[in-house]
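As structure tokens, the structure follows; a few thoughts come after it.
In this chain, numbering begins with 1 at the start of the sequence shown.
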Amino acid sequence: MRPDVPDAKSRRRSRRLRLAGTLLSIALLGSLVFAPDAFAGLLLPKSGGSPNANSIQNLYRLILYVAAFVFVVVEGALLYSVYKFRAKKGAEAAQIHGNTRLEIGWTVAAALILVVLTVITFVKLPSIINPPNSGPGGAVLTASVTRPSPPNGKSLTICVQGRQYIWRYTYGNGCLSGAFSAKLPYSYQEMTVPADTTIVLAIQSTDVIHSWWVPSLGGKVDAVPGYTTYTWFKAPRASTPGHTVLFRGQCAQLCGRNHAAMTAFVHVVSPTEYQAWLDQQNAAIAAANARVVQLRRILTASGNL
């Protein structure tokens, strides 16, 4: 046997290794494909958490169906033509140099499809941009004309501040000016909101560009240093003892080394629970401030400050 030719045993070992590698690759691919959230939002944007997210999904679905229909028709005609007019022995292909009626027809049809989609988009756009009124069981609100506003002008404002690499939320309609002097409550990473209430988010950044995105509550909105951008949502259902309503989001703009850790959560509770949570936050912040004042006095008296 020549030394450069593998024997039967070596060939079998090589085949077993290739088979094992193939099976391992299939297992890894399957674990990814069939993971619980692998198909979440595969074809359509996520929705269900707010009316604007539902409107976005409905519009997207309509455009997807139209695009799929056009794709099937065009690709079907192409495949039919490839098969029907394939080269054959003894047959000479007819030389066709255009069909004016056909060309005008498919141009007009494409233009009409675009016009219909444009009209439908502009019809649906107000339900995406303009927030509705809060429900009768929503939280107590105040009005403003400087941000997106529902028909009755009343909404609850929460200021969202992006910073590397966390979200800070300040609660109250005066959060854009005088939040510290008014001692407004705040939280990090997890936002708490009342159900059935129109929430307007005033979004800012203190360092680089971030992007606020909780898919189930609507589209992405950039947080740009020096500017204030707005979005809104209205979560219809509150958490119950047996079910927590918690929406997950993620900064959607690459903002630095730890960008992947900049997650966001929106916890929906009843208006009564929301007010109790605000009182609890205010009490915790007041207690922490009192401890800081006491520590400052001690350090000042000892000459360490």
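- Considering all non-hydrogen atoms of both residues, K124 and S55 come closest at CE-O, 4.2 Å.
- Every residue meeting the side-chain hydrogen bond (donor to acceptor under 3.5 Å, both in side chains) condition with S302, not counting sequence neighbours, appears here in chain and number order: N304.
- Within the structure, disulfide (SG to SG under 2.5 Å) contacts touching residues 154-247 (residues at least two apart or in different chains) are C159-C175.
- Under the 4.5 angstrom side-chain criterion for Ile, Leu, Val, Met, Phe, Trp and Tyr, the cluster partners of I285 are I166, Y186, Y188.
- Taking each heavy atom of W232 and I129 in turn, the nearest pair found is NE1-O, 2.8 Å.
- A donor-acceptor pair is defined here as one N or O able to donate and one able to accept, closer than 3.5 Å; such a pair exists between the side chain of S50 and the backbone of K234.
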Can you give each donor-acceptor pair under 3.5 Å made by side-chain atoms of residues 208-223, sequence neighbours left out, with the distance rounded to 0.1 Å?
from: H210; atom 1: NE2; to: D207; atom 2: OD1; distance (Å): 2.8
from: S211; atom 1: OG; to: D222; atom 2: OD1; distance (Å): 3.1

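- Linking Ile, Leu, Val, Met, Phe, Trp and Tyr residues whenever their side-chain heavy atoms come within less than 4.5 Å places Y274 and F247 in a single cluster.
- The two residues Y230 and A202 come nearest to each other via the heavy atoms CE2-CB, 3.8 Å.
- In this structure a side-chain-to-backbone donor-acceptor pair under 3.5 Å is missing from T300 to I298.
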Would you be so kind as to tabulate the donor-acceptor pairs closer than 3.5 Å made by side chains of residues 113-122, with sequence neighbours excluded?
from: T118; atom 1: OG1; to: L114; atom 2: O; distance (Å): 2.7
from: T121; atom 1: OG1; to: L117; atom 2: O; distance (Å): 2.7

Please tabulate, one pair per line, all N/O donor-acceptor pairs under 3.5 Å involving side-chain atoms of residues 251-272, not counting sequence neighbours.
from: H259; atom 1: ND1; to: Q253; atom 2: O; distance (Å): 3.1
from: H259; atom 1: NE2; to: C251; atom 2: O; distance (Å): 3.4
from: T263; atom 1: OG1; to: Q189; atom 2: NE2; distance (Å): 2.7
from: H267; atom 1: NE2; to: S239; atom 2: OG; distance (Å): 3.3
from: S270; atom 1: OG; to: E273; atom 2: N; distance (Å): 3.2
from: S270; atom 1: OG; to: E273; atom 2: OE1; distance (Å): 3.2

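- Side-chain atoms of R86 come within 3.5 Å of backbone N or O of Y83 as a donor-acceptor pair.
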Under 3.5 Å, sequence neighbours excluded: what are the donor-acceptor pairs made by side chains of residues 59-79?
from: R61; atom 1: NH1; to: N58; atom 2: OD1; distance (Å): 3.1
from: R61; atom 1: NH2; to: Q57; atom 2: OE1; distance (Å): 3.0

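- When hydrophobic side chains of Ile, Leu, Val, Met, Phe, Trp and Tyr are connected at separations under 4.5 Å, L102 ends up clustered with W106.
- Shown here is E103, whose CD atom has more than 12 heavy atoms of other residues, nucleotides or ligands within 6.0 Å.
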request  = For the pair V160 and M191, evaluate side chain to side chain contact (heavy atoms under 4.5 Å, CB included) and give the outcome as yes or no after the intermediate values.
outcome  = CA-CA 9 Å; V160 178; M191 177 190 298; 3.8 Å; yes
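- By the 4.5 Å side-chain criterion applied to Ile, Leu, Val, Met, Phe, Trp and Tyr, Y80 is assigned to no cluster and stands alone.
- Counting heavy-atom neighbours within 6.0 Å of R237 CZ, excluding the residue itself, gives a total of 12 or less.
- Q204 meets the side-chain hydrogen bond (donor to acceptor under 3.5 Å, both in side chains) test with T228; sequence neighbours excluded.
- The side-chain hydrogen bond (donor to acceptor under 3.5 Å, both in side chains) search around T231 returns none, not counting sequence neighbours.
- What you find for T192 and I158 is that their closest heavy atoms are O-CD1, 4.3 Å.
- Applying the ring pair (Phe, Tyr, Trp, His ring centres under 6.0 Å) test to Y171 and every residue at least two apart in sequence or in another chain returns W277.
- Side chain to side chain, D279 and Q275 meet the donor-acceptor criterion of an N or O pair below 3.5 Å.
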